[in-house]
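Remarks on the structure that follows.
When reading the values below, keep in mind they use all heavy atoms of this one structure, side chains included, and skip hydrogens, waters and symmetry mates. We name chains A, B, ... by the order of the sequence lines, and we start the count at 1 in each one.
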Amino acid sequence: MNPNHCHCCIYVLIVDKLINPRFTQFISAFVYRFECKPKKVKVEHDRKAQKRKHEYTDGSKWRFLEHKGPVFAPPYEPLPDKVRFYYDGKPMKLSAPAEEVATFFSKMLDHEYTTKDIFRKNFFKDWRKEMTSEEKSKITDLNKCDFTEMNEYFKAQSEARKQMSKEEKQKIKEENERLVQEYGFCIMDNHKERIGNFRIEPPGLFRGRGDHPKMGMLKRRIRPEDIIINCSKDSKHPKPPPGTKWKEVRHDNKVTWLASWTENIQGSIKYIMLNPSSRIKGEKDWQKYETARRLKKCVDRIRTQYRDDWKSKEMRIRKTALALRAGNEKEEGETADTVGCCSLRVEHVKLYPKMDDQEYVVEFDFLGKDSIRYYNKIPVEKRVFKNLQLFLENKQPEDDLFDRLNTSILNKHLQELMDGLTAKVFRTYNASITLQQQLKELTCPDDSIPAKILSYNRANRAVAILCNHQRAPPKTFEKSMQNLQTKIEEKQNQLSAARKQLKVAKSDHKASHDDKSKKAVEVKRKAVQRIEEQLMKLQVQATDREENKQIALGTSKLNYLDPRISVAWCKKWGVGIEKIYNKTQREKFAWAIDMAEKDYEF
DNA sequence: GAATCGACTTGTTGGCATACAC
DNA sequence: GTGTATGCCAACAAGTCGATTC
């Protein structure tokens, strides 16, 4: 038996365990239904599938593509003479290229970045490349550079922008709008589609995330000569700015991008692509969730299979994590030191035969994507634990935990279990199934709309926690929480006052029995009701905000949760879709809003 | 079969417009 | 009308994963 195969079996097993032990029972109880309105929707699915099949049999993504090319960053405007740079206490006029790079640094003076050694070192090295030889010989020590005047100038500029009159602001807005109208759309196969990012990234200093070894390096200005344009032959080709040329114009309909260039920091390619609301992105998204639904159908089989495998082979690598990303290898020294499942090292796990009242606990502690810390303690089966122990033996902290396993081997194995299955499908599947299950569990039919929305957010939160989507508590969190609390107290006072008034009105009515006093009672009763509702809303808001302190919901909502689950939930409970999705999200998920009925099942 | 490349998705952040409180 | 908190969105970094190259 292929030893790699074994690694993967164990991997998938623990994946399940890690994510949510309750899944097993839930899934076994699950009866899969393709759609609530089988006939109608099936036809729709078939038609879409047919269309796709028709379009993509040759692997092409479009037949016709026309656009106007990217918008370049505005050229550098030299500083006015009164704004000076000082070296070693003396003013010094810089050449335009050196000055431009200096302004990048000066704009960041308030940021912690500029105090970091690596950042300063990288910046200085790249800055010197832009200097004239004279400047180079003079400016030899970054610590002797004084950018404060430049910094103040830019602050004043941004202040002035804020102080602009309404008319001026309106003018800028209109100019912007014009640019969007001209460059922000393309024609792809008879459809006018919005482009996601039609502006070329302006030059600046690279700020990586976490401890990035390249932070501070100069991101150079992109010129038309760096740009590859992609469009169809029979379209009106975009014109480069006067006096310039594109690097290349190609007609590759096997890809979806409109323009690309190679950035100079990592040497990777950047693309101009369509907005998420576009047909091409929407279909891909839909397809992603369909794959996750297929996994749902066969997850039981996969589980049984790897469990069997696992029982028969004793001394095998135990592989961990599903909520975890796959974790590709990365070049050392090229990026920040972050890991995923396949690249976990010995130093990232600790084993506890007993912890509190649980046995066989594995503790994970490592930096994941974007250098976000993943910390979790997970009880595992004894056998898994023992194997992990074996695994750690005779290894140094910096050794790989799972040698002989990488994402390619893992995904190849997963592919064998189910067509189209990769590690990230598990993430999508688990997120979506959790949302659906949590919504079922948390939604009370008798709740008010705000309470239902709270339940929705709680379900969403459960997913975000599962996926480790953390955020730093907002800087103004405590204050805004306090404000809300004050409002609640005020509302409570208001309520008791209103109740008193109602009481008075009632006794007045009892005494007089006239129409006027009857009306007064009604008015007061309504007032009490209204205030009660307002108070409840505030309280729900406070709970929601408090629970959301360190959790970011956006990422899971946008990338992991089958939108049809949310749409169905809204339809079922009469909650407006705009309470759950904002405008952009509604545009992105238009296909789902269109497709899902109230009894859609993931 | 490892390394690299290319295309595309996922993720966080910060600036800005807008809603809201006063 | 003005100041401030909030949510939205663009920007862009950092992943995943399949294809290609060595």
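Base engagement by Thr555(A) is indicated by at least one non-hydrogen atom pair under 4.0 Å involving a base atom. Among the protein residues, Lys557(A) comes within range of no part of the nucleic acid, since none of its heavy atoms lies under 4.0 Å from any strand. If you check every strand for non-hydrogen atoms under 4.0 Å, Arg194(A) touches sugar and phosphate atoms only. Residue contacts shown for Pro202(A) are limited to sugar-phosphate atoms, with no base heavy atom under 4.0 Å away. The residue Glu263(A) sits apart from the nucleic acid: no heavy atom pair falls under 4.0 Å. Heavy atoms of Lys219(A) sit under 4.0 angstrom from primed sugar atoms or phosphate atoms, though from no base atom. Using a 4.0 Å heavy-atom cutoff across all strands shown, Ser158(A) reaches no nucleic acid atom at all. Here Phe206(A) lies in heavy-atom contact (under 4.0 Å) with sugar-phosphate atoms only. Using a 4.0 Å heavy-atom criterion, one finds that Lys288(A) contacts the sugar-phosphate atoms exclusively.
Residues Ala552(A) and Lys254(A) both approach DNA chain B. Their nearest nucleotides, taken by heavy-atom distance, put Lys254(A) toward the 5′ side. The residue among Ile269(A) and Asp285(A) whose nearest nucleotide of DNA chain B lies closer to the 5′ end is Ile269(A). Across the interface with DNA chain C, nearest-nucleotide mapping of Gln415(A) and Phe198(A) shows Phe198(A) to be the residue nearer the 5′ end. Place Arg545(A) and Gly420(A) on DNA chain C by their nearest nucleotides, and Arg545(A) ends up nearer the 5' end.
In terms of phosphate contacts, His469(A) brings no side-chain nitrogen or oxygen within less than 4.0 Å of OP1 or OP2 of dT10(B). Side-chain nitrogen and oxygen atoms of Lys424(A) include at least one within less than 4.0 Å of the OP1 or OP2 phosphate oxygen of dT10(B). Taking only side-chain nitrogens and oxygens, Lys270(A) never comes nearer than 4.0 Å to OP1 or OP2 of dA14(C). Under 4.0 angstrom from either OP1 or OP2 of dC8(B) there lies at least one side-chain N or O belonging to Thr256(A). Arg207(A) has no side-chain polar atom (N or O) that falls below the 4.0 Å cut-off from OP1 or OP2 of dC12(C).
A donor atom on one side chain and an acceptor atom on the other are not found under 3.5 Å apart for Asn253(A) and Ser232(A). Between Gln287(A) and Glu283(A), the side chains place no donor N or O within less than 3.5 Å of an acceptor N or O (distance only, hydrogens not considered). Judged purely by distance below 3.5 Å, without hydrogens or angles, the side chains of Gln181(A) and Glu177(A) pair a donor atom with an acceptor atom. Between Tyr289(A) and Arg564(A), the side chains place no donor N or O within less than 3.5 Å of an acceptor N or O (distance only, hydrogens not considered).
One atom, CG of Asn275(A), and another, P of dC8(B), lie 16 Å apart when rounded to the nearest Å. Summarising the geometry, the separation between CZ on Arg209(A) and P on dA11(C) is reported as 15 Å, rounded to the nearest angstrom. The separation between Gln541(A) atom CD and dC20(B) atom P is 11 Å, rounded to whole Å. Rounded to whole angstrom, the span from the NZ atom of Lys162(A) across to the P atom of dT4(C) amounts to 11 Å. One interatomic measurement links the two molecules: CD of Glu283(A) to C1' of dT9(B), which rounds to 17 Å at whole-angstrom precision. Put simply, CD1 on Ile272(A) is 13 Å from C1' on dC12(C), counting in whole angstrom units. Straight-line distance from the NZ atom of Lys169(A) to the C1' atom of dT2(C): 12 Å, rounded to whole Å. Across the protein-nucleic acid pair, Tyr271(A) atom OH and dG6(B) atom P stand 7 Å apart, rounded to whole Å.
Nearest nucleotide to the side chain of Asn582(A), out of dC8(C), dG11(B), dC8(B): dC8(C). For Thr422(A), whose side chain is taken as the heavy atoms from C-beta onward, the closest listed nucleotide among dG14(B), dG18(C), dT10(B) is dG18(C). Closest to the side chain of Arg427(A), out of dT9(B), dC8(C), dG11(B), is dG11(B). Ranking dT9(B), dT18(B), dT12(B) by closeness to the Lys173(A) side chain, first place goes to dT18(B). With distances taken from any side-chain atom of Val255(A) to the nucleotides dG18(C), dT9(B), dA7(B), the minimum falls on dA7(B). The side chain of Gln266(A) lies closest to dA14(C), out of dC17(C), dG11(B), dA14(C). Checked against dC12(C), dT9(B), dG11(B), the side chain of Met273(A) finds its nearest nucleotide in dT9(B).
One finds a salt bridge joining Glu201(A) and Lys219(A) here, because a Lys/Arg side-chain nitrogen approaches an Asp/Glu carboxylate oxygen to under 4.0 Å.
Ring-centre distance between His212(A) and Phe206(A): below the 6.0 Å cut-off.
Put simply, the side chain of Arg120(A) gets close to the backbone of Thr114(A): a donor and an acceptor are under 3.5 Å apart.
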